[in-house]
K.L.:
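Supplied in structure tokens, the structure appears directly below.
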2 protein chains.
Amino acid sequence: MLSNASKYAIRSILYLATHTSETKKINVKVIAEELETPPSFLAKLLQQLTNNGLVSSTKGPNGGFYLDEKNRKKSLWDVITCIDGTDKFNQCFLGLSECNDRNPCPAHAMVAPFKEKILTNFRDKTIAEFAAESLEKGTYLTLKQTEIL
Amino acid sequence: MLSNASKYAIRSILYLATHTSETKKINVKVIAEELETPPSFLAKLLQQLTNNGLVSSTKGPNGGFYLDEKNRKKSLWDVITCIDGTDKFNQCFLGLSECNDRNPCPAHAMVAPFKEKILTNFRDKTIAEFAAESLEKGTYLTLKQTEIL
DNA sequence: AACAAAAAAGACCTTTATCTCTTTTTATGT
DNA sequence: ACATAAAAAGAGATAAAGGTCTTTTTTGTT
Ligand code: FES
Ligand code: FES
């Protein structure tokens, strides 16, 4: 479904949302350790996210990555399209050219409702909202693999 | 989500289910044309499916691929695991090590119901049943990209 | 000014997925 | 028997995903 790159990106964004601010920045090495992702690869991803206005960064001592208010207004959908490019969730499950209700493939009825849900949750919800919800539910804890409540 | 290989495999299986029998076999070239898939690649996939008892075949003139009664009792789940191997639908959406209700990631609540549905539809339904349903609903027509009702 | 710490940039490397081509084997019809 | 039509088998080719490493630039601290 999602590429590793997108998964890492989403996880790091949610991590940044809950752990950083304009006054508290974190560097790649730490983020990569916290999320247990390949550090160099994550660096590239954060670079790309920064170039596209989804993450903020400052260089030099005490520098690092963080989310400002503008970044927090973006959606996870923005993250996915920034990294993976393609419109993953509008594609037909069986790889046919178009996916719509008028010309459904055998799997369509099964997948279509899910797509709707993904769209509304990922596209119409800001990262700030998503992170806040995760905090409420306690699901943000599981961003790191080994972390057990 | 699914690899191209799995998608081609599923589509060809459903095609075989509705177009072949012990007495009516179809060769790779025709199947590939009908489904608009790369012929050589599809040949390899059908070979693999045949080796794993999901498809039947006979060589020589008037030979080709087809589904016998035994093949029709398999599930699409069997097809996916035969081709992709990995347990695609039990994996965490964000790539964390385990996916379960006890230790959910931020996306879990959104994805879990879908997984259930996929499992029951793909694992607990025979190919025969799935194909029959598709015929009823008319969705089998859209196996080929350009085919519009 | 010198140093250090961080991201940015760019050049790679490795592995996996996707796809092709050629040769061999097997079955059928004449 | 022979020709032919098909799958089976095996060896590669290409492209994309995943990941690493080194150098450069920027910024803050001493
Ligand atoms: S048409 Fe295949 S999933 Fe919608
Ligand atoms: S834990 Fe991530 S999808 Fe279930």
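So that the names make sense, note that chain A is the first sequence line, chain B the second, and so on, each numbered from 1.
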K.L.:
Dump the pairs, protein N or O against N or O of nucleotides 2-4 of chain C, anything under 3.5 Å, distances to one decimal.
P.N.:
none

K.L.:
Please check the phosphate of D/dA8 (OP1 and OP2 only) for any side-chain N or O of B/Ser57 closer than 4.0 Å.
P.N.:
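Yes, such a contact exists.
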K.L.:
At how many degrees, to 10°, do the end axes of the helix from C/dA1-D/dT30 to C/dT30-D/dA1 meet when each uses five pairs?
P.N.:
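Angle reported: 0°, given to the nearest ten degrees.
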K.L.:
Is the phosphate of C/dA6 approached by A/Asn27 (side-chain N or O, under 4.0 Å from OP1 or OP2)?
P.N.:
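Checking C/dA6 against A/Asn27, a side-chain N or O does come within under 4.0 Å of OP1 or OP2.
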K.L.:
Separation of A/Glu33 atom CD from C/dA6 atom P, in whole Å?
P.N.:
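In whole Å, C/dA6 P and A/Glu33 CD are 12 Å from each other.
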K.L.:
If you apply the rule side chain to side chain contact (heavy atoms under 4.5 Å, CB included), what do you find for A/His19 with A/Ile26, and how did you get there?
P.N.:
CA-CA 8 Å; A/His19 291 78; A/Ile26 306 190; 4.1 Å; yes
K.L.:
My understanding is that only residues two or more places apart in sequence, or in another chain, count here; which of them pass side-chain hydrogen bond (donor to acceptor under 3.5 Å, both in side chains) with A/Lys25?
P.N.:
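With sequence neighbours excluded, A/Lys25 shows a side-chain hydrogen bond (donor to acceptor under 3.5 Å, both in side chains) to A/Thr58, given in chain and number order.
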K.L.:
Sort and list the pairs that fulfil salt bridge (Lys or Arg N to Asp or Glu O under 4.0 Å) and have at least one residue in residues 44-53 of chain B, not counting sequence neighbours.
P.N.:
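As it turns out, there is no salt bridge (Lys or Arg N to Asp or Glu O under 4.0 Å) pair with a partner in residues 44-53 of chain B once direct neighbours are skipped.
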K.L.:
Considering the options B/Leu119, B/Ile118, B/Asp124, B/Thr120, which one meets the side chain to side chain contact (heavy atoms under 4.5 Å, CB included) requirement together with B/Phe122?
P.N.:
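That would be B/Ile118.
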K.L.:
For A/Pro61, give me all partners under side-chain contact (heavy atoms from CB on, under 4.5 Å), at least two apart in sequence or on another chain.
P.N.:
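A/Pro61 satisfies side-chain contact (heavy atoms from CB on, under 4.5 Å) with no other residue.
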K.L.:
In whole angstroms, how far is the P atom of C/dA7 from the CG atom of A/Leu46?
P.N.:
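One finds 8 Å between P of C/dA7 and CG of A/Leu46, rounded.
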K.L.:
May I ask you to test the A/Lys115-A/Cys99 pair for a side-chain heavy-atom distance under 4.5 Å?
P.N.:
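Answer yes - side chains close enough.
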K.L.:
Could you tell me the separation between the OH atom of B/Tyr66 and the C1' atom of C/dA27, rounded to a whole number of Å?
P.N.:
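That distance rounds to 12 Å.
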K.L.:
Residues in salt bridge (charged side-chain N to carboxylate O under 4.0 Å, His left out) with A/Lys88, at least two apart?
P.N.:
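Per chain and number, A/Lys88 pairs via salt bridge (charged side-chain N to carboxylate O under 4.0 Å, His left out) with A/Asp84.
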K.L.:
Determine whether A/Phe89 and A/Ile80 make a side-chain contact, defined as any pair of heavy atoms from C-beta on separated by less than 4.5 Å.
P.N.:
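Side-chain contact under 4.5 Å: yes.
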K.L.:
Would you say B/Asn62 reaches D/dA6's phosphate, i.e. side-chain N/O to OP1/OP2 under 4.0 Å?
P.N.:
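Answer is no, no contact under 4.0 Å.
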K.L.:
B/Ala32: what forms a side-chain contact (heavy atoms from CB on, under 4.5 Å) with it, not counting sequence neighbours?
P.N.:
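For B/Ala32 the side-chain contact (heavy atoms from CB on, under 4.5 Å) partners, ignoring immediate neighbours, are B/Thr37, B/Pro39, B/Leu42.
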K.L.:
Given atom CG of B/Leu45 and atom P of D/dA8, what is their separation to the nearest angstrom?
P.N.:
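After rounding, the reported distance stands at 13 Å.
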K.L.:
From CD of B/Gln48 over to C1' of C/dC19, roughly how many Å is that when rounded to an integer?
P.N.:
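Distance, rounded to whole Å: 14 Å.
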K.L.:
Can you give one letter per nucleotide of nucleotides 15-24 of chain D, 5' to 3': B if a protein heavy atom sits under 4.0 Å from the base, S if only from the sugar-phosphate, - if neither?
P.N.:
---SBBB---
K.L.:
Looking only at side-chain N and O atoms, does A/Asn51 come under 4.0 Å of OP1 or OP2 in C/dA9?
P.N.:
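Checking C/dA9 against A/Asn51, a side-chain N or O does come within under 4.0 Å of OP1 or OP2.
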K.L.:
Starting from A/Tyr66, can I reach A/Leu49 by hopping between I/L/V/M/F/W/Y residues whose side chains sit under 4.5 Å apart?
P.N.:
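Hydrophobic grouping puts A/Leu49 apart from A/Tyr66.
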K.L.:
Where along residues 69-78 of chain B does a heavy atom fall under 4.0 Å from DNA chain C?
P.N.:
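Result for residues 69-78 of chain B: none.
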K.L.:
Of all residues at least two apart in sequence or in a different chain, which pass the side-chain contact (heavy atoms from CB on, under 4.5 Å) check with B/Lys125?
P.N.:
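For B/Lys125, the residues satisfying side-chain contact (heavy atoms from CB on, under 4.5 Å) (neighbours in sequence not counted) are B/Asn121, B/Glu129, B/Phe130, B/Glu133.
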K.L.:
Looking only at atom types and distance, does a side-chain atom of B/Asn27 sit under 3.5 Å from a main-chain N or O of B/Phe65, one as donor and one as acceptor?
P.N.:
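Looks like no, no N/O pair under 3.5 Å.
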K.L.:
What pairs with B/Ala128 under side-chain contact (heavy atoms from CB on, under 4.5 Å), at least two apart in sequence or on another chain?
P.N.:
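B/Arg72, B/Thr126.
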K.L.:
Using atom CG of B/Leu35 as one end and atom P of C/dC19 as the other, report the distance to the nearest whole Å.
P.N.:
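Nearest whole value for this atom pair: 14 Å.
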K.L.:
Can you tell me if B/Asn52 uses its side chain to pair, donor with acceptor, with the backbone of B/Leu54 under 3.5 Å?
P.N.:
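Flag not set: sc B/Asn52 to bb B/Leu54 has no pair under 3.5 Å.
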K.L.:
What heavy-atom pair brings A/Glu69 and A/Glu22 nearest, and what distance separates the two atoms?
P.N.:
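Minimum heavy-atom separation between A/Glu69 and A/Glu22: N-OE2, 3.6 Å.
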K.L.:
When the distance from CD of B/Gln47 to P of D/dA9 is rounded to whole Å, what number comes out?
P.N.:
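Roughly 6 Å, once rounded to whole Å.
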K.L.:
Evaluate the side chain to side chain donor-acceptor pair (under 3.5 Å) criterion for residues A/His108 and A/Asp101: first the C-alpha distance (whole Å), next the side-chain angles of each, then the deciding distance (0.1 Å), finally the verdict.
P.N.:
CA-CA 8 Å; A/His108 183 81; A/Asp101 294 336; 2.7 Å; yes
K.L.:
At a heavy-atom distance below 4.0 Å, what parts of residues 19-26 of chain B sit against DNA chain C?
P.N.:
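Going residue by residue through residues 19-26 of chain B, none turns out to have a heavy atom under 4.0 Å of DNA chain C.
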K.L.:
Tell me the interatomic distance from A/Asn52, atom CG, to C/dA9, atom P, rounded to whole angstroms.
P.N.:
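To the nearest whole Å, that distance equals 12 Å.
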